[in-house]
Amino acid sequence: MPTPFHRIGIVGKFGDPGIAPTLRELYGFLHGRGHEVLMDSQSVELIENADVKGLHIDRLPEYCDLIIAVGGDGTFLAAARAAADFEIPLVGVNLGRLGFLVDISPEQLTSRMEQILAGQHKTEQRCLLHASIYRDGEEIHRQTAVNEVVVHRWVTPSMIEIVTSIDGVYLNTQRSDGLIVATPTGSTAYSLSAGGPILHPGLNALVLVPLNPHTLSNRPLVIDDNVEIEIGFTDAKQINALVTCDHLEIPDVLIGDKIVIKKADKAIKILHPEDHDYFNILRSKLNWSRG
């Protein structure tokens with residue numbers, strides 16, 4: 001059957017030689033179907049096949065029609081950030097622990113991939129966030145996040161005082177250990193651990209979750225995702241903060257800096273098996289409905 005996925009890229013879990021058997025199986029399956037297969041430069045070393053071309057993960061998406069992430073959610077997030085500007089779909093193979101985003105098991109690898117490559121799949125769009133750090137009016141850092149952007153206190157025992165505005169309108173000032181801005185995808189990650197709500201991935205929404213706020217009435221807030229969020233600081237003394245985007249660190253954020261967060265122009269596209277059930281994933285991963 002004709003397929004739009006002629007060139008397929010594989011991204012493996014960084015630093016984990018235990019994924020080698022799955023990589024070899026996946027490569028053999030795809031090669032046998034006549035696909036051209038590329039891999040990230042770390043994974044290609046694990047399969048020991050001189051015929052496979054290896055590329056840095058950031059370059060891989062521009063040459064591919066589909067990316068398959070083999071690992072856990074962290075591997076999928078890295079692949080998604082790399083593919084964000086190319087609008088190519090992603091598939092996740094779960095070799096991790098939780099796996100909210102990677103929903104194909106190694107035991108069902110070839111049968112599930114056969115279905116997906118034959119067009120028997122569900123397609124889901126997930127939004128991304130862009131975070132920019134401004135100092136003296138100039139952008140000094142920019143990063144993309146699939147799950148969340150987090151402002152943390154850093155190398156200080158004291159809380160930080162955060163000022164948040166939405167579309168230029170003042171929201172609040174809070175003393176806390178930090179603030180999470182999460183997408184629906186990220187609502188089952190750090191945000192959930194901090195007491196935030198689970199957002200269905202079909203919602204056009206973001207959630208702001210304070211980290212250990214000084215005032216207990218400072219609660220998570222769900223807002224529309226078509227906004228610009230600006231975060232600054234009010235402490236009179238110099239402080240250092242840390243901004244993370246899906247755990248990628250932007251250190252040395254200073255008291256006078258501004259953090260601007262908004263939804264990216266392009267979303268990521270995830271392909272799921274046809275029987276994909278988001279609520280079943282929640283029940284399974286969060287141990288719901290068990291006696």
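Values reported hereafter were calculated over all heavy atoms of this structure, with side chains retained and with hydrogens, waters and symmetry mates removed.
- Among Asp177, Leu211, Thr173, Ile231, the single residue meeting the side-chain contact (heavy atoms from CB on, under 4.5 Å) criterion with Ile162 is Ile231.
- A donor-acceptor contact closer than 3.5 angstrom links the side chains of His272 and Asp103.
- A cation-pi arrangement is absent between Lys258 and Phe233, since the terminal nitrogen or guanidinium carbon is not both under 6.0 Å from the aromatic centre and inside a 45° cone about the axis.
- Under a cut-off of 6.0 angstrom, the local environment of CZ in Arg142 is sparse, with at most 12 non-hydrogen atoms contributed by other residues, nucleotides or ligands.
- More than 12 heavy atoms of other residues, nucleotides or ligands lie within 6.0 Å of OH in Tyr278, so this atom counts as buried by the packing criterion.
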Would you check, one step at a time, whether the test ring-ring contact (aromatic ring centres under 6.0 Å, His included) holds for His35 with Phe5? CA-CA 8 Å; His35 299 278; Phe5 309 126; 8.0 Å; no
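- Between Asn94 and Ile104 there is no side-chain heavy-atom pair separated by less than 4.5 Å.
- Glu139 and Ser132 share a side-chain donor-acceptor pair at under 3.5 Å.
- Tyr170 belongs to a hydrophobic cluster with Val163, counting contacts under 4.5 Å between side-chain heavy atoms of Ile, Leu, Val, Met, Phe, Trp and Tyr, direct or through other members.
- Residues Val44 and Lys53 approach most closely at CG2-C, 4.4 Å, considering heavy atoms.
- Between Leu77 and Leu101, the closest side-chain pair of non-hydrogen atoms falls below 4.5 Å.
- Remark: Val209 engages Ile180, Ser191, Ala194, Val207, Pro220 in a side chain to side chain contact (heavy atoms under 4.5 Å, CB included) (not counting sequence neighbours).
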Quick one: do Arg126 and Glu124 satisfy salt bridge (Lys or Arg N to Asp or Glu O under 4.0 Å)? Show the steps, please. CA-CA 7 Å; Arg126 299 282 186 105; Glu124 185 177 50; 3.0 Å; yes
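- Thr215 and Asn218 share no side-chain donor-acceptor pair at under 3.5 Å.
- Using modelled atom types and a 3.5 Å distance limit, the side chains of Arg81 and Thr144 yield no donor-acceptor pair.
- Counting non-hydrogen atoms of neighbouring residues, nucleotides and ligands closer than 6.0 angstrom, the CD atom of Glu274 exceeds 12 such neighbours.
- Judged by distance alone, the side chains of His152 and Thr244 do bring a donor and an acceptor atom under 3.5 Å apart.
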Would Glu36 and Ile8 count as a side-chain contact (heavy atoms from CB on, under 4.5 Å) if you check the C-alpha gap in whole Å, the side-chain angles of each, and the deciding distance to 0.1 Å? CA-CA 6 Å; Glu36 182 179 353; Ile8 298 178; over 6 Å; no
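- Side chain of Ser43 to backbone of Gly12: a donor-acceptor contact under 3.5 angstrom is found.
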When you look at Arg7 and Asp65, which way does the salt bridge (Lys or Arg N to Asp or Glu O under 4.0 Å) test go after all the steps? CA-CA 5 Å; Arg7 278 185 170 182; Asp65 307 306; over 6 Å; no
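- No donor-acceptor distance shorter than 3.5 angstrom exists from the side chain of Asp16 to the backbone of Lys13, with no hydrogens or angles considered.
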